[in-house]
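Taking it in order: structure first as structure tokens, then the write-up.
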Amino acid sequence: MDFGLISIILPVFNRSETIVKTVNSLLKQSYQNIEIILVDDASTDISFGINQLFVRHDPRVRALRNSQNMGVSATRNHGLKVAKGDWIVFVDADDWVEADYIENFVKMAQKSEAELLISGHLGDHSLARLELPFSKKMMTSREVIEDVIGELGPIGGYPWNKMFKRSIIQRYTIRFHEEISFLEDELFTIEYAQHINKAYYDSKAYYHYEIQEDSLSVNGLSKMLPAIKQRDAILLAEGIDPDDYRHDPISVSRKDWGSWKENLKTNGSESF
């Protein structure tokens, strides 16, 4: 089974303790026509050296490095610029995937002819091993967008449980917003979903992600506003009322934002 080349992009920053497990899980993929693009964001540990060892070990691996630390959006965009595959997959450098992760995407694409393929995922954390009921379904562009912005939608806005068609990314110049530090992945997914006819979702968990211990603090909420404004503009253009999908803490409701803003003023944490 050869579906063509699939590019897997990994942004890497100081992940020397996890990158070996992540990349090894990709090298063991049952679907082997892949390129693994490791983009190091000027790590200060030995991550880049490990990436170079993988290049020597397997010709499918490419190791790139930013000249300075630029953030995850610019790092993913760097990978997009050099990707050669017909399809794009993103993986985070502290996660891992099942051996048939890519093969399952290929089967989904062949079966559905959808332009966006979505896999189930599982948080490898004692507090978050929640598995949703198994399901497979075709989805419209609007259904994907509504699920992404919904409070408990299983799809999520993150890019790492999805396979994207590179021709669509190129045609519409879809990129991660480098000026935004929150929700940039959700914006990317929504902007991409605007340009598809259908998506296919398989809830079986082929992707395992590491949940970070720290959570978003109230002091960072103001930084989300640029992304929220851009996202809301997209939703309105699609005929979707953003207020129908507000939730805390990722989607900030106008009602709650007033109290958060007042709290920040009182504590002197942010200026407005």
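Values below: every heavy atom of this structure, side chains too, minus hydrogens, waters and symmetry copies.
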In sequence, state the C-alpha distance, the side-chain angles, and the governing distance for N14 and T44, and then conclude on side-chain hydrogen bond (donor to acceptor under 3.5 Å, both in side chains). CA-CA 6 Å; N14 290 349; T44 56; 3.2 Å; yes

To the nearest 0.5 angstrom, please state how far the [atom1] atom of [X] sits from the [atom2] atom of [Y].
{"X": "D95", "Y": "K21", "atom1": "CG", "atom2": "NZ", "value": "9.5 Å"}
{"X": "L27", "Y": "D58", "atom1": "CG", "atom2": "CG", "value": "5.0 Å"}
{"X": "E146", "Y": "S141", "atom1": "CD", "atom2": "OG", "value": "9.5 Å"}
{"X": "I88", "Y": "R76", "atom1": "CD1", "atom2": "CZ", "value": "12.5 Å"}
{"X": "S30", "Y": "Y101", "atom1": "OG", "atom2": "OH", "value": "13.0 Å"}
{"X": "F13", "Y": "M70", "atom1": "CZ", "atom2": "CE", "value": "13.5 Å"}

Using only atom types and a distance under 3.5 Å, with no angle test, would you say the side chain of [X] pairs donor to acceptor with the backbone of [Y]?
{"X": "T189", "Y": "G157", "answer": "yes"}
{"X": "S43", "Y": "D40", "answer": "no"}
{"X": "Y172", "Y": "E191", "answer": "no"}
{"X": "R166", "Y": "G85", "answer": "yes"}
{"X": "K28", "Y": "E98", "answer": "no"}

When the aromatic ring centroids of W160 and Y207 are compared, is their separation below 6.0 Å?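 They qualify: ring centres under 6.0 Å apart.
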
Would a line drawn from the ring center of H121 to the ring center of Y206 be shorter than 6.0 Å? no

Is the shortest side-chain heavy-atom distance between [X] and [Y] below 4.5 Å?
{"X": "V89", "Y": "I9", "answer": "no"}
{"X": "L10", "Y": "I19", "answer": "yes"}
{"X": "F48", "Y": "L38", "answer": "no"}
{"X": "F54", "Y": "V20", "answer": "yes"}
{"X": "E184", "Y": "V72", "answer": "yes"}
{"X": "P11", "Y": "D92", "answer": "yes"}
{"X": "V106", "Y": "I6", "answer": "yes"}
{"X": "T140", "Y": "V144", "answer": "no"}

Given the rule in the side chain to side chain contact (heavy atoms under 4.5 Å, CB included) test, do H177 and L187 qualify, once you have shown the distances and angles that lead to the verdict? CA-CA 8 Å; H177 291 255; L187 267 179; 4.0 Å; yes

Over all atoms of both residues, closest heavy-atom pair of [X] and [Y]:
{"X": "M108", "Y": "I118", "answer": "CE-O, 3.3 Å"}
{"X": "R65", "Y": "A42", "answer": "NE-CA, 4.0 Å"}
{"X": "I37", "Y": "G79", "answer": "CD1-O, 4.0 Å"}
{"X": "S25", "Y": "V97", "answer": "OG-N, 3.3 Å"}
{"X": "I46", "Y": "S16", "answer": "CG1-CB, 3.7 Å"}
{"X": "S7", "Y": "K84", "answer": "OG-N, 3.4 Å"}

Lys/Arg N to Asp/Glu carboxylate O, [X] vs [Y], below 4.0 Å:
{"X": "R62", "Y": "E35", "value": "yes"}
{"X": "D94", "Y": "R15", "value": "yes"}
{"X": "K162", "Y": "D185", "value": "no"}
{"X": "D202", "Y": "K204", "value": "no"}

Going by the angle between their ring planes, with limits at 30° and 60°, are F90 and F176 parallel, tilted or perpendicular? perpendicular

Is the ring pair F188/F164 parallel, tilted or perpendicular, if the boundaries are 30 and 60 degrees? perpendicular

Using the side chain to side chain contact (heavy atoms under 4.5 Å, CB included) rule, take I102 and Q32 through it: C-alpha gap first, then chi angles, then the decisive distance, then the call. CA-CA 9 Å; I102 300 298; Q32 298 185 1; over 6 Å; no

Would you kindly confirm whether L80 and I174 end up in one hydrophobic cluster when ILVMFWY residues are joined by side chain heavy atoms under 4.5 Å apart? yes

My understanding is that only residues two or more places apart in sequence, or in another chain, count here; which of them pass salt bridge (charged side-chain N to carboxylate O under 4.0 Å, His left out) with D41? none

Take I149 and E186 through the test side chain to side chain contact (heavy atoms under 4.5 Å, CB included) and record every step on the way to the result. CA-CA 8 Å; I149 64 176; E186 182 174 301; 4.1 Å; yes

I'd like to know whether K111 forms a side chain to side chain contact (heavy atoms under 4.5 Å, CB included) with K107, so could you lay out the CA-CA distance, the side-chain angles of the two residues, the decisive distance to 0.1 Å, and finally the verdict. CA-CA 6 Å; K111 175 182 178 180; K107 289 179 177 178; over 6 Å; no

H195 side chain to E115 side chain, donor-acceptor N/O pair below 3.5 angstrom: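 Their side chains do not contain a donor-acceptor pair, so the 3.5 Å distance test is not met.
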
CD (E17) with more than 12 external heavy atoms under 6.0 Å: no

